[in-house]
Amino acid sequence: MHRQLPTERTRMEFCFHVTLVDDATATFSEVGMEAAGPNGPMYTHAILSTGSVIDLLAEAIVSV
């Protein structure tokens, strides 16, 4: 039996918080990469850059 891996949309439907890191996105084709940007807001809660994610993680570590 082939089991499909969950997508970001599926995770969002199951109430997980989904963040897209726009400059660290990988796809199987150029078409997929072009679709990831405009369609991101439909299946993510936040779209951040790698630098923003690093800054948020650094703040979280300091505040603990």
task = Mind running side chain to side chain donor-acceptor pair (under 3.5 Å) on D23 and T50 for me, showing each step along the way?
result = CA-CA 6 Å; D23 55 349; T50 301; 2.8 Å; yes
For the atom pair [atom1] ([X]) and [atom2] ([Y]), what is the distance rounded to the nearest 0.5 Å?
{"X": "T19", "Y": "I47", "atom1": "OG1", "atom2": "CD1", "result": "9.5 Å"}
{"X": "S49", "Y": "I54", "atom1": "OG", "atom2": "CD1", "result": "8.5 Å"}
{"X": "I61", "Y": "L56", "atom1": "CD1", "atom2": "CG", "result": "11.0 Å"}

Group every Ile, Leu, Val, Met, Phe, Trp and Tyr by side-chain heavy-atom contacts under 4.5 Å, then state whether L57 and V21 land in the same group.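 Cluster IDs for L57 and V21 match.
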